[in-house]
Amino acid sequence: MPSRVPDRFSTGRHAGVLVPLFSISSRRSWGIGEIPDLVPLSKWLESAGFDFVQFLPLNEMQEGQSSPYSALSAMAFDPVFIAMEDVDEFVVAGGDDGLGAEDRAALERVRTASRVDYSVVRSLKGRALRRAFAWFADNLWGTGDRRDRSLRAFEERERWWLDDFGLFRALHDEHKGRHWRDWEPGIRDRDPSALAAARERLEWQIRYHAYLQWVADEQWQRARMESAPVGVFGDFPFMVSGHSADVWARQHEFDLDSSVGTPPDAFSATGQDWGLPAYRWDVVAASDYAWLRDRTRRSAELYDGFRIDHLIGFYRTYVRRSDGTAQFVPADEVAQRAQGERLLSIFGEGGASLIGEDLGTVPDFLRVSLAERGIPGMKVMRWERNWHAAGHPFHDVTSYPEVSVATSGTHDTETMSEWWDNADLHERQAVLALPTLRDSGLLAEASFSDRTRDVLLEALFASGSRLLILPLQDVIGWRDRINTPALVSDENWTWRLPGPVEGLMTDAGALERAGFLRALSTRLGRSGP
């Protein structure tokens with residue numbers, strides 16, 4: 001793993017790009033962005049003056065799911081991101097040539113598809129990975145070979161999370177994906193004798209899932225080293241799925257009959273119900289927040305920094321009870337602030353840079369709390385307005401506080417081009433009244449264009465924020481969304497670059513973008529690599 005420069009992103013001015021790993025597939029990828037694809041992306045980012053990339057969560061999702069915010073584990077990589085071409089055992093077992101005719105045809109289809117087909121990709125890789133593990137088990141297990149020693153060292157080093165995950169994952173397969181609450185009582189309730197019997201019965205299944213995590217870890221470490229000096233930010237989800245290794249292993253810390261979400265607000269008359277179990281904060285506190293400390297440790301080992309998703313939920317969680325009632329927990333502001341600030345201090349213990357996702361309807365004390373601790377919150381340009389003044393003027397981007405993150409949007413918003421074209425005339429006029437845009441020559445009546453894109457990007461680069469994070473779509477001017485919240489669709493979480501990621505270093509348009517962006521970064525004091 002590349003050594004982290006202390007507080008690398010806590011001083012100076014930086015610019016990065018937000019893009020899901022699943023979106024940046026290369027020519028050799030199996031229909032989805034893979035861990036080594038970070039390397040060609042980083043070369044283009046470096047040429048464009050960016051010094052980090054922010055990914056969405058990379059944790060393993062359940063079959064049939066595509067949202068990275070509902071995972072089987074808070075710790076484990078999703079094997080769907082493993083690059084088969086870099087798995088030694090797959091290569092020596094025949095590689096692509098060892099695939100059957102149907103699998104080769106399916107592989108060609110997903111490689112040329114415009115979007116990620118998770119079902120087909122997961123099935124293909126599942127069969128290929130099992131073949132690779134079978135070769136390892138037959139030829140290397142227990143031999144003392146370099147790779148055998150490496151796997152055993154990984155298992156020992158990561159035992160603190162891998163033991164529970166490996167057993168859960170094997171049981172998940174044995175029960176054909178059924179929720180752990182529907183498993184037989186001994187396993188469901190974690191009776192020690194039942195767990196011991198399961199470990200013996202499922203020994204090779206457990207080893208298989210440890211093997212996958214080891215392979216993913218090896219590829220991640222290599223990609224991080226080869227991507228330097230470009231850094232990597234991760235995402236720290238508020239929760240994982242109720243059907244997860246973490247909740248199964250720590251059942252007493254969660255209210256399994258309640259769920260978390262958001263209260264009614266101006267955007268939703270009913271609020272949101274995410275269907276995720278609620279923390280029992282009193283029990284979690286009694287353990288000195290052990291699981292959240294473990295998650296922090298894992299994130300700090302994998303990333304230079306991470307964004308804390310739904311930060312307000314760590315201060316106060318909106319809990320929907322089974323009886324139809326709902327309330328914030330803790331209930332009063334003093335307790336909420338004390339809890340949130342305690343957790344912020346824990347999140348910072350690993351040494352990674354932190355970003356607080358403080359968007360939506362949040363109490364004033366949240367941003368005060370972040371400012372007092374020097375943790376940057378988010379400044380989404382389209383929402384940064386004085387809502388109490390006539391005409392709702394936009395805040396001057398150069399007045400954004402240094403300790404903040406300027407951005408054009410998030411993984412949940414429409415792209416910058418869509419926003420502009422959907423904005424009414426008054427909103428566009430208000431944008432163009434900003435000091436940095438007043439003399440741009442843009443016309444509020446005009447549709448989004450390359451000129452609109454570049455003027456808005458220049459304003460964001462000029463912001464007072466120490467960190468700038470731009471969705472890759474906005475950097476280029478694409479209109480494709482990553483996700484539309486609350487929409488169940490085959491389109492969500494499946495967007496791929498229109499071409500292989502290596503093409504960014506040869507495509508004329510991408511090279512023009514890199515030159516333009518590096519010039520902006522240099523002129524406006526953003527420190528590229």
Are there over 12 heavy-atom neighbours, none belonging to Asp332, within less than 6.0 Å of that residue's CG?
yes
Run the side chain to side chain contact (heavy atoms under 4.5 Å, CB included) check on Leu21 and Leu58 step by step: do they pass?
CA-CA 8 Å; Leu21 177 58; Leu58 302 177; 3.8 Å; yes
A side-chain contact here means heavy atoms from C-beta on lying under 4.5 Å apart; do Ile375 and Leu344 qualify?
yes
SB check Arg523 Glu458 (cutoff 4.0 Å):
yes
Nearest atoms (heavy-atom pairs only) where Thr506 meets Leu511:
O-CD1, 3.8 Å
Have Glu414 and Trp420 got a donor and an acceptor in their side chains that come within less than 3.5 Å?
no
Checking Arg297 against Trp160: charged group under 6.0 Å from the ring centre and within 45 degrees of the axis?
yes
Side chains of Trp478 and Ser417: is there a donor and an acceptor less than 3.5 Å apart?
no
May I ask you to check whether Phe9 and Phe52 place their ring centers less than 6.0 Å from one another?
yes
Applied to residues 22-49, the ring-ring contact (aromatic ring centres under 6.0 Å, His included) test, sequence neighbours excluded, yields Trp30-Phe90
Could you check whether any side-chain N or O of Arg293 sits under 3.5 Å from a backbone N or O of Asp288, counting only pairs where one atom can act as donor and the other as acceptor?
yes
Side-chain H-bond candidate by donor/acceptor type, His411 with Asn483, under 3.5 Å:
no
Which is it for Gln65 and Ser70 under the side chain to side chain donor-acceptor pair (under 3.5 Å) test, yes or no, and what are the steps along the way?
CA-CA 8 Å; Gln65 295 291 323; Ser70 183; 4.9 Å; no
Test side chain to side chain contact (heavy atoms under 4.5 Å, CB included) on Leu468 and His14 and set out the steps.
CA-CA 6 Å; Leu468 170 65; His14 303 269; over 6 Å; no
Centroid-centroid distance, Phe238 to Tyr279, less than 6.0 Å:
yes
Excluding sequence neighbours, so at least two apart, what forms salt bridge (charged side-chain N to carboxylate O under 4.0 Å, His left out) with Glu418?
none
Looking only at atom types and distance, does a side-chain atom of Ser440 sit under 3.5 Å from a main-chain N or O of Leu442, one as donor and one as acceptor?
yes
Do the rings of Tyr303 and Trp220 sit parallel, tilted or perpendicular, given the 30° and 60° boundaries?
perpendicular
So, do Phe55 and Val232 sit near enough that their side-chain heavy atoms are less than 4.5 Å apart?
yes
For salt bridge (Lys or Arg N to Asp or Glu O under 4.0 Å), just list the numbers for Arg321 and Asp255, CA-CA rounded to whole Å, side-chain angles, deciding distance to a tenth of an Å, and then say yes or no.
CA-CA 9 Å; Arg321 311 286 186 192; Asp255 184 348; 3.3 Å; yes
Heavy-atom distance under 4.5 Å between the side chains of Val403 and Pro376, does that happen here?
yes
How long is the gap from CZ on Arg367 to CD on Glu372, to the nearest 0.5 Å?
14.5 Å
For the residue pair Val475 and Arg453, establish whether any side-chain heavy-atom pair is separated by less than 4.5 Å.
no
No-hydrogen, no-angle side-chain donor-acceptor test under 3.5 Å, Asp396 and Ser399
no
Check this for me, if you would: do Arg526 and Asp51 make a salt bridge, where the nitrogen-to-carboxylate-oxygen distance has to be below 4.0 angstrom?
no
Roughly how far, to the nearest 0.5 Å, is CG of Leu425 from CG of Leu443?
10.5 Å
Assess the side chains of Ser23 and Arg496: does a donor N or O sit below 3.5 Å from an acceptor N or O?
no
Whether His426 side chain and Ala423 backbone form a donor-acceptor pair below 3.5 Å
no
Distance-only donor-acceptor check, side chains Asp217 and Gln213, under 3.5 Å
no
Residues forming a salt bridge (charged side-chain N to carboxylate O under 4.0 Å, His left out) with Asp507, sequence neighbours excluded
none
When you measure from the side chain of Gln339 to the backbone N and O of Phe314, does any donor-acceptor pair fall under 3.5 Å?
yes
Salt bridge check, Arg115 against Asp490: does any charged N sit closer than 4.0 Å to a carboxylate O?
no
Please confirm whether the backbone N or O of Thr410 pairs with a side-chain atom of Thr413, one donor and one acceptor, at under 3.5 Å?
yes
Tell me whether Ser227 contacts the main-chain N or O of Arg224 through its side chain, where contact means a donor paired with an acceptor under 3.5 Å.
no
Does any part of the side chain of Gln54, heavy atoms only, come nearer than 4.5 Å to the side chain of Asp235, both counted from C-beta?
yes
Salt-bridge test for Lys379 and Asp358: reply yes if a basic N is under 4.0 Å from a carboxylate O, no otherwise.
no
Sequence neighbours left out, what pairs pass side chain to side chain donor-acceptor pair (under 3.5 Å) with at least one residue falling in residues 466-475?
Ser408-Asp474
Name all residues meeting the ring-ring contact (aromatic ring centres under 6.0 Å, His included) criterion together with Phe306; count only those two or more places apart in sequence or in a different chain, and write none if there are none.
Phe236
From CZ (Phe461) to CZ (Arg13), nearest 0.5 Å:
10.0 Å
Within the distance-only criterion (no hydrogens, no angle test), does the side chain of Asp421 pair as donor or acceptor with the backbone N or O of Phe448 below 3.5 angstrom?
yes
Result of checking Trp274, Tyr69, Tyr315 against His310 for ring-ring contact (aromatic ring centres under 6.0 Å, His included):
Trp274
From OG (Ser353) to CZ (Arg307), nearest 0.5 Å
15.5 Å
Does the side chain of Arg513 come within less than 4.5 Å of Leu504's, by heavy atoms?
no
What residues form a side chain to side chain donor-acceptor pair (under 3.5 Å) with Arg222, not counting sequence neighbours?
none
Taking atom OG1 of Thr415 and atom CD1 of Ile476, what is their separation to the nearest 0.5 Å?
12.5 Å
Hey, does the side chain of Arg518 reach the backbone of Ser47 with a donor-acceptor pair shorter than 3.5 angstrom?
yes
Side chains of Gln221 and Ile35, heavy atoms from C-beta outward: is any pair under 4.5 Å?
no
Closer than 4.0 angstrom, basic N to acidic O: yes or no for Glu158 and Arg298?
yes
Checking the side chain of Ser244 only, and the main-chain atoms of Val247 only, is there a donor and an acceptor separated by less than 3.5 Å?
yes
Say whether, by atom type as modelled, one donor and one acceptor occur between the side chain of Tyr318 and the main chain of Gly313 under 3.5 angstrom.
no
On the six-membered ring of Phe365, is Arg337 placed so that its NZ or CZ lies under 6.0 angstrom from the centre and within 45° of the ring axis?
no
Short N-O contact, Arg280 and Asp282, less than 4.0 angstrom
no
Quick one: do the Ser29 and Asp37 side chains pair a donor with an acceptor below 3.5 Å?
yes
Gap between atom CZ of Phe394 and atom NE2 of His392 - 0.5 Å precision
10.5 Å
Answer yes or no: is there a side-chain heavy-atom contact under 4.5 Å between Asn59 and Asp78?
no
